[in-house]
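Please read all numbers here as calculations on a predicted model, not as lab measurements.
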Amino acid sequence: MFLFLAAFAILAPGGGLRADSAPLRKYPGDAAPLPGTVDPRYKPSPEALEALKTLPPLPLAAIGVVDTEGGFCTGTMVGPKLVLTAAHCVFNSFGRVRLPKRFLAGHSEDSTLATAKVVEAYLPPGFSPGRFKKTIEIDGLDWALLELDQDISRLTGIVDIAVFDRGQYKRLIGGARGFVQVGYGQEKGDRVTIRAGCGVIEAWDDNTFGHVCGTVHGDSGGPDLVFLDGRWQIIGIESAEVNTDAIEGLDVAVSARAFAGEAARLR
């Protein structure tokens with residue numbers, strides 16, 4: 001049983017974001033590249049990768065593969081038996097609710113740290129896969145919380161969630177002040193991919209923000225992380241692609257503001 005719960009910013013001289021009065025308009029976008037591919041727009045900077053090395057290790061043990069019907073997504077442990085992922089990962093190709101089979105934490109081509117069965121999914125009210133694909137009206141509802149049949153957090157750890165406002169997202173422009181996007185899509189679910197130095201391009205008032213980290217199918221639900229208050233925290237999850245007046249195929253993520261409250265309640 002499933003329970004449904006009650007642009008491209010202009011750069012100023014020196015590479016900083018120039019303040020703008022309103023978010024760029026966005027439109028329904030094209031599908032992300034297929035799993036195992038690389039989006040050529042993502043150009044990791046050596047400076048960003050070096051900056052990442054100075055920080056504590058990423059919580060990769062808590063990030064893993066959400067094994068779905070006929071495919072996979074990415075998810076993160078946000079509670080003892082709770083995994084955060086994208087809502088569209090809980091539907092099959094016919095638009096019907098389909099519970100993912102299991103969560104593979106810390107998965108690689110050689111091993112998996114922990115495996116648990118998915119027994120329940122919590123989705124925001126109003127989410128519809130058909131409407132999500134055809135419009136931008138419910139972009140901020142593309143999140144889901146999966147309940148596992150056992151507590152594996154003693155092995156994986158739990159990643160906290162940080163709520164940002166639009167201004168805070170737009171200051172994440174890459175490098176040491178940027179964020180890290182983690183997902184399994186580029187490696188076809190066999191290995192995790194870490195992308196650094198791909199700061200936020202635009203943030204919208206519907207609990208979404210856009211970047212050019214090079215998200216592909218399979219990265220859906222994967223966490224966008226920042227190092228804050230001495231630990232890595234989730235500020236959003238990967239969702240889809242949108243178009244703007246200035247750029248096509250902009251990666252879009254659901255802001256943590258959309259799901260932080262429900263994750264805290266269920267945790």
Participant: Measuring from Arg267:CZ to Leu82:CG, what's the distance to the nearest 0.5 Å?
Facilitator: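 That separation rounds to 9.0 Å.
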Participant: Do you know the tightest heavy-atom contact between Arg191 and Glu187?
Facilitator: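 In this case the closest contact between Arg191 and Glu187 is O-CB, 2.9 Å.
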Participant: Flag yes if Ile136 and Val212 sit in one hydrophobic cluster, no otherwise; membership is Ile, Leu, Val, Met, Phe, Trp, Tyr, and two members link when side-chain heavy atoms are under 4.5 Å apart.
Facilitator: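 No; tracing contacts between hydrophobic side chains, which count when under 4.5 Å, never links both residues.
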Participant: Starting at CG of Asn207, measure out to CG of Leu141 and round the result to the nearest 0.5 Å.
Facilitator: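 The CG atom of Leu141 is 8.5 Å from CG of Asn207, to the nearest 0.5 Å.
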Participant: Using a 3.5 Å distance criterion without hydrogens, assess whether the side chain of Gln233 forms a donor-acceptor pair with backbone atoms of Leu228.
Facilitator: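 Yes; judged by distance alone, with no hydrogens or angles, the pair exists.
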Participant: Is the shortest heavy-atom distance from the side chain of Lys81 to the side chain of Val119 under 4.5 Å?
Facilitator: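 Contact flag for Lys81/Val119 side chains = no.
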Participant: Just one of Glu202, Arg195, Glu238 clears the side chain to side chain donor-acceptor pair (under 3.5 Å) bar with His211, so which one?
Facilitator: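 That would be Glu238; it is the only one of Glu202, Arg195, Glu238 passing the side chain to side chain donor-acceptor pair (under 3.5 Å) with His211.
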Participant: Could you report the tightest heavy-atom contact between Gly185 and Val216, atom names first, then the distance?
Facilitator: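 Looking at all heavy atoms of both residues, the shortest contact is C-CG2, 3.3 Å.
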Participant: Are the side chains of Pro100 and Leu146 in touch, meaning some heavy atoms are under 4.5 Å apart?
Facilitator: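 Yes. Closest side-chain heavy atoms under 4.5 Å.
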Participant: Quick check on the hydrophobic clustering: are Leu266 and Leu84 connected, directly or via other members, by side-chain heavy-atom contacts under 4.5 Å?
Facilitator: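 Yes, Leu266 and Leu84 fall within the same hydrophobic cluster.
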Participant: I need the full list of ring-ring contact (aromatic ring centres under 6.0 Å, His included) pairs touching residues 224-255, with sequence neighbours left out, sorted by first then second residue.
Facilitator: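 Residue pairs passing ring-ring contact (aromatic ring centres under 6.0 Å, His included), neighbours aside: Phe227-Trp232.
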Participant: Heavy atoms, side chains only, cut-off 4.5 Å: are Ser255 and Phe164 in contact?
Facilitator: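 The answer is no; the side chains never approach within 4.5 Å.
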Participant: Of all the heavy-atom pairs spanning Thr115 and Ile152, show the shortest one and how long it is.
Facilitator: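 Looks like O-CG2, 4.4 Å.
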Participant: Salt bridge check: are Asp67 and Arg102 linked by an N-O gap of less than 4.0 Å?
Facilitator: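 Yes, charged N to carboxylate O under 4.0 Å.
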Participant: Does Phe72 belong to the same Ile/Leu/Val/Met/Phe/Trp/Tyr cluster as Leu60, with side-chain heavy atoms less than 4.5 Å apart forming each link?
Facilitator: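 Yes; Leu60 is reachable from Phe72 via cluster members.
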Participant: Nearest 0.5 Å, what's the OH-CZ distance between Tyr122 and Arg265?
Facilitator: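 Going from OH on Tyr122 over to CZ on Arg265, the span is 7.5 Å.
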Participant: When Lys26 is tested against each of Asp206, Asp205, Asp245 for salt bridge (Lys or Arg N to Asp or Glu O under 4.0 Å), which residue passes?
Facilitator: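 The residue from Asp206, Asp205, Asp245 that satisfies salt bridge (Lys or Arg N to Asp or Glu O under 4.0 Å) with Lys26 turns out to be Asp206.
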Participant: List in chain and number order the residues that pass ring pair (Phe, Tyr, Trp, His ring centres under 6.0 Å) with Phe209, two or more places apart in sequence or in another chain; answer none if no residue qualifies.
Facilitator: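 Counting only residues at least two positions away or on another chain, Phe209 forms a ring pair (Phe, Tyr, Trp, His ring centres under 6.0 Å) with Tyr169.
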Participant: Would you indicate whether Glu248, at its atom CD, is surrounded by more than 12 heavy atoms from other residues, nucleotides or ligands within a distance under 6.0 Å?
Facilitator: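 It does not: Glu248 CD has 12 such atoms or fewer within range.
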Participant: What disulfide (SG to SG under 2.5 Å) pairs are there with at least one residue in residues 110-167, not counting sequence neighbours?
Facilitator: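 Disulfide (SG to SG under 2.5 Å) check on residues 110-167 returns no pairs.
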Participant: How long is the gap from OG1 on Thr76 to CD1 on Ile158, to the nearest 0.5 Å?
Facilitator: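 Going from the OG1 atom of Thr76 to the CD1 atom of Ile158 covers 12.0 Å.
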Participant: Quick one: disulfide (SG to SG under 2.5 Å) pairs with a partner in residues 63-148, sequence neighbours left out?
Facilitator: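 Found Cys73-Cys89.
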Participant: Are Arg98 and Thr68 side-chain neighbours, meaning at least one heavy-atom pair lies under 4.5 Å?
Facilitator: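 No. Closest side-chain heavy atoms not under 4.5 Å.
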Participant: Donor-acceptor pairs under 3.5 Å, side chain of residues 49-56 to any protein atom, not counting sequence neighbours: which ones?
Facilitator:
residue	atom	partner	partner atom	Å
Glu50	OE2	Lys53	NZ	3.1
Thr54	OG1	Ala51	O	2.6

Participant: Hydrogens and angles aside, do Asp110 and Ser108 bring a side-chain donor and acceptor to less than 3.5 Å of each other?
Facilitator: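 Checked: Asp110/Ser108 side chains show no N/O donor-acceptor pair below 3.5 Å.
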Participant: If you compare all heavy atoms of Pro28 against all heavy atoms of Asn243, which two are closest, and at what distance to 0.1 Å?
Facilitator: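 Closest pair (atom of Pro28, atom of Asn243, distance): O-ND2, 3.3 Å.
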Participant: Are Leu113 and Val118 linked, directly or through intermediate hydrophobic residues, by side-chain heavy-atom contacts shorter than 4.5 Å (ILVMFWY only)?
Facilitator: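 As far as the 4.5 Å side-chain criterion goes, Leu113 and Val118 are not connected within one cluster.
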Participant: How long is the gap from CD on Glu120 to CG on Asp149, to the nearest 0.5 Å?
Facilitator: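 If we round to the nearest 0.5 Å, Glu120:CD and Asp149:CG are 12.5 Å apart.
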Participant: Measuring only between side-chain heavy atoms, which start at C-beta, is Ile63 closer than 4.5 Å to Tyr184?
Facilitator: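 When only atoms from C-beta onward are counted, Tyr184 and Ile63 do touch, with a gap below 4.5 Å.
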Participant: In this structure, would Leu104 and Ile194 fall into the same cluster of hydrophobic residues linked by side-chain contacts under 4.5 Å?
Facilitator: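 Yes, same cluster.
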Participant: How close do Val252 and Glu241 get, counting heavy atoms only, and between which atoms?
Facilitator: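 Val252 and Glu241 have their closest heavy atoms at CG1-N, 3.9 Å.
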Participant: Look at the side chain of Thr208 and the backbone N and O of Trp204, then say whether any donor-acceptor pair between them is shorter than 3.5 Å.
Facilitator: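 Not at all, since once roles are kept as given, no pair shorter than 3.5 Å links the two residues.
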Participant: Is Phe103 close to Thr85 at the side-chain level, that is, under 4.5 Å between some pair of heavy atoms?
Facilitator: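 They are not in contact (no side-chain heavy atoms under 4.5 Å apart), so the answer is no.
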Participant: Among residues two or more places apart or on two chains, list those pairs meeting disulfide (SG to SG under 2.5 Å) that have a residue in residues 224-267.
Facilitator: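 Sorted result for residues 224-267: empty, none.
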Participant: Compare every heavy atom of Gln181 with every heavy atom of Asp224, then report the nearest pair and how far apart it is.
Facilitator: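 For Asp224 versus Gln181, the nearest heavy atoms are OD1-CG, 3.0 Å.
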Participant: If you measure from CG on Leu123 to CZ on Phe259, what distance do you get to the nearest 0.5 Å?
Facilitator: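 Interatomic distance, Leu123 CG to Phe259 CZ, rounded to 0.5 Å: 14.0 Å.
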Participant: Flag the pair Val159 / Leu225 as yes when at least one side-chain heavy-atom distance between them is below 4.5 Å, and no otherwise.
Facilitator: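 Yes, at least one pair of side-chain atoms sits under 4.5 Å.
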